[in-house]
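Accompanying notes for the structure given below.
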There are 2 protein chains.
Amino acid sequence: MLATEKIAYDSNLPVDPRVEALVTELIGRVADKWTLLVLEELEDHGVLRFTELARGVAGISQKMLTQTLRAMERDGLVERTVHPVVPPKVEYRLTPLGHSLGEAFCGVWHWAGENLDRVEAARRTFDERG
Amino acid sequence: MLATEKIAYDSNLPVDPRVEALVTELIGRVADKWTLLVLEELEDHGVLRFTELARGVAGISQKMLTQTLRAMERDGLVERTVHPVVPPKVEYRLTPLGHSLGEAFCGVWHWAGENLDRVEAARRTFDERG
DNA sequence: GGTGCCTACTTTCTTTTGGAGAGTATAAGG
DNA sequence: CCTTATACTCTCCAAAAGAAAGTAGGCACC
């Protein structure tokens with residue numbers, strides 16, 4: 001694991017630029033506020049219905065929730081299960097791939113919690129120097 | 001370090017909702033495509049000038065680069081050094097806080113590289129069922 | 001002394017995206 | 001017949017992002 005990281009990050013092996021472009025595109029897709037928040041919500045609660053997600057992810061509109069979930073489903077991050085009943089019931093859960101992304105983002109959540117004070121201090125300094 | 005992670009992620013300690021809101025806001029700020037790409041570019045190359053960054057971060061407009069760098073500076077992630085010469089020379093480098101965020105995102109880059117194929121396969125499957 | 005270059009931005013204009021809120025389908029229950 | 005419940009979908013408007021041109025100001029060239 002540490003060895004893998006070393007190989008991936010410390011070496012200057014020439015990387016195929018096509019691969020790099022694809023990785024960049026994927027990062028762009030996945031490094032999105034709502035994707036991250038939905039991922040976290042599903043990590044925490046396991047299986048959730050549409051309205052439960054809407055409640056859990058503060059501030060998201062229905063349109064964005066639908067859009068985010070569709071994109072995540074397409075990327076193989078979430079699994080969508082429709083129960084053909086009335087009123088409709090649709091369940092969302094992370095796939096193993098989604099879980100692995102959640103774990104990858106773990107460090108970022110940790111960072112945010114740990115460094116919140118530092119960022120706020122930096123902002124105050126920046127703002128009063130105007 | 002592992003113990004810290006355990007405390008942060010596996011326990012169900014009641015978290016102050018105000019803190020959670022702040023963390024969510026910070027995540028929203030920082031989990032941005034361009035921020036991530038600029039961070040990576042600065043991690044890789046150390047000190048860079050404006051135009052070097054513009055070339056390195058494929059597809060970014062000057063406006064977004066300026067905006068992203070200003071926001072990152074405000075958050076204490078990058079340090080901006082102006083050399084009062086003609087033509088202008090401005091250097092950008094990561095602060096220790098910026099480096100720590102870069103390390104936190106390391107896992108995501110790793111994930112993207114490792115799982116690119118899986119995501120592409122998922123997309124093909126999703127699209128042809130479309 | 002006019003012309004143009006250099007860099008790091010601004011400014012303006014257009015296109016894309018995001019949010020708010022109403023509408024839709026369906027069946028059970030009163 | 002009217003309400004309720006759910007998961008969207010649609011429409012309209014505001015906000016954000018992208019493209020391209022403009023700015024400052026000292027320097028070199030002709």
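Please read these numbers as outputs of a predicted model, since none were measured by experiment. Reminder, nothing fancy here: chain letters follow the sequence lines and each chain counts from 1.
Among dC9(C), dA22(C), dG18(C), the nucleotide with an atom closest to any side-chain atom of Val90(B) is dC9(C). Checking dA7(D), dC9(C), dC8(D) against the side-chain heavy atoms of Thr51(A) singles out dA7(D) as nearest. In the set dT11(C), dC8(D), dA21(D), the nucleotide with an atom closest to the side chain of Phe50(A) is dC8(D). Picking from dC12(D), dC9(C), dA7(D) the nucleotide with the shortest atom distance to the side chain of Lys63(A) gives dC12(D). For Trp34(A), taking side-chain heavy atoms from C-beta onward, the closest of the listed nucleotides dT7(C), dC9(C), dG19(C) is dG19(C). Ranking dG26(D), dT12(C), dC8(D) by closeness to the Val86(B) side chain, first place goes to dG26(D).
Computed from C1' positions of five pairs at each end, the angle between the two local axes of the helix from dG1(C)-dC30(D) to dG30(C)-dC1(D) equals 30°, rounded to 10 degrees.
Looking only at atom types and distance, the side chain of Glu52(B) has no donor-acceptor partner in the side chain of His45(B) under 3.5 Å away.
Rounding to the nearest 0.5 angstrom, the gap separating the CG atom in Leu69(B) from the CE atom in Met64(B) is 10.5 Å.
Between Met64(B) atom CE and dT14(C) atom P there is a gap of 20 Å when expressed in whole angstrom units. Remark: P of dG18(C) and CG of Asp32(B) are 12 Å apart, rounded to the nearest angstrom. The distance from atom CD of Glu91(B) to atom P of dC9(C) is 12 Å, rounded to the nearest whole Å. Computed from coordinates, the Gln62(A) CD to dG23(C) P distance equals 14 Å when rounded to whole Å. At whole-Å resolution of the value, NE2 in His83(B) and P in dA8(C) are 10 Å apart. The CG atom of Leu65(B) sits 13 Å away from the P atom of dA17(D) (whole-angstrom rounding). As a whole-Å value, the separation of Leu53(A) CG from dA7(D) P is 10 Å. For the pair Glu52(A) CD and dC8(D) C1', the interatomic distance rounds to 16 Å; values are reported in whole Å.
Ion pair Asp75(A)/Arg123(B) flagged as a salt bridge, since at least one NZ, NE, NH1 or NH2 atom sits closer than 4.0 Å to an Asp/Glu carboxylate oxygen.
At least one side-chain heavy atom of Phe105(A) sits under 4.5 Å from a side-chain heavy atom of Val30(A). Here the side chains of Leu101(B) and Trp111(A) are in contact, with some heavy-atom distance below 4.5 Å. For the pair Arg93(A) and Val78(A), the minimum side-chain heavy-atom distance is 4.5 Å or more. At least one side-chain heavy atom of Lys89(B) sits less than 4.5 Å from a side-chain heavy atom of Glu91(B).
Nearer to the 5' terminus of DNA chain C, by closest-nucleotide assignment, is the contact made by Ser61(A) (compared with the other of Pro88(A) and Ser61(A)). Nearest-nucleotide mapping onto DNA chain C: of Arg70(B) and Ile60(A), the residue sitting toward the 5' end is Arg70(B).
Both Trp109(B) and Val19(A) are members of a single hydrophobic cluster when ILVMFWY side chains are connected at heavy-atom separations under 4.5 Å.
Under 4.0 angstrom from either OP1 or OP2 of dC8(D) there lies at least one side-chain N or O belonging to Arg80(A). For Thr66(B), no side-chain nitrogen or oxygen approaches OP1 or OP2 of dT10(C) to under 4.0 Å. OP1 or OP2 of dA7(D) lies within a sub-4.0 Å distance of a side-chain N or O belonging to Arg49(A). OP1 or OP2 of dG18(C) has at least one side-chain nitrogen or oxygen of Gln67(A) nearer than 4.0 Å.
Contact annotation for Lys89(B): backbone-only contact, meaning every heavy-atom pair under 4.0 Å involves sugar-phosphate atoms and none involves a base.
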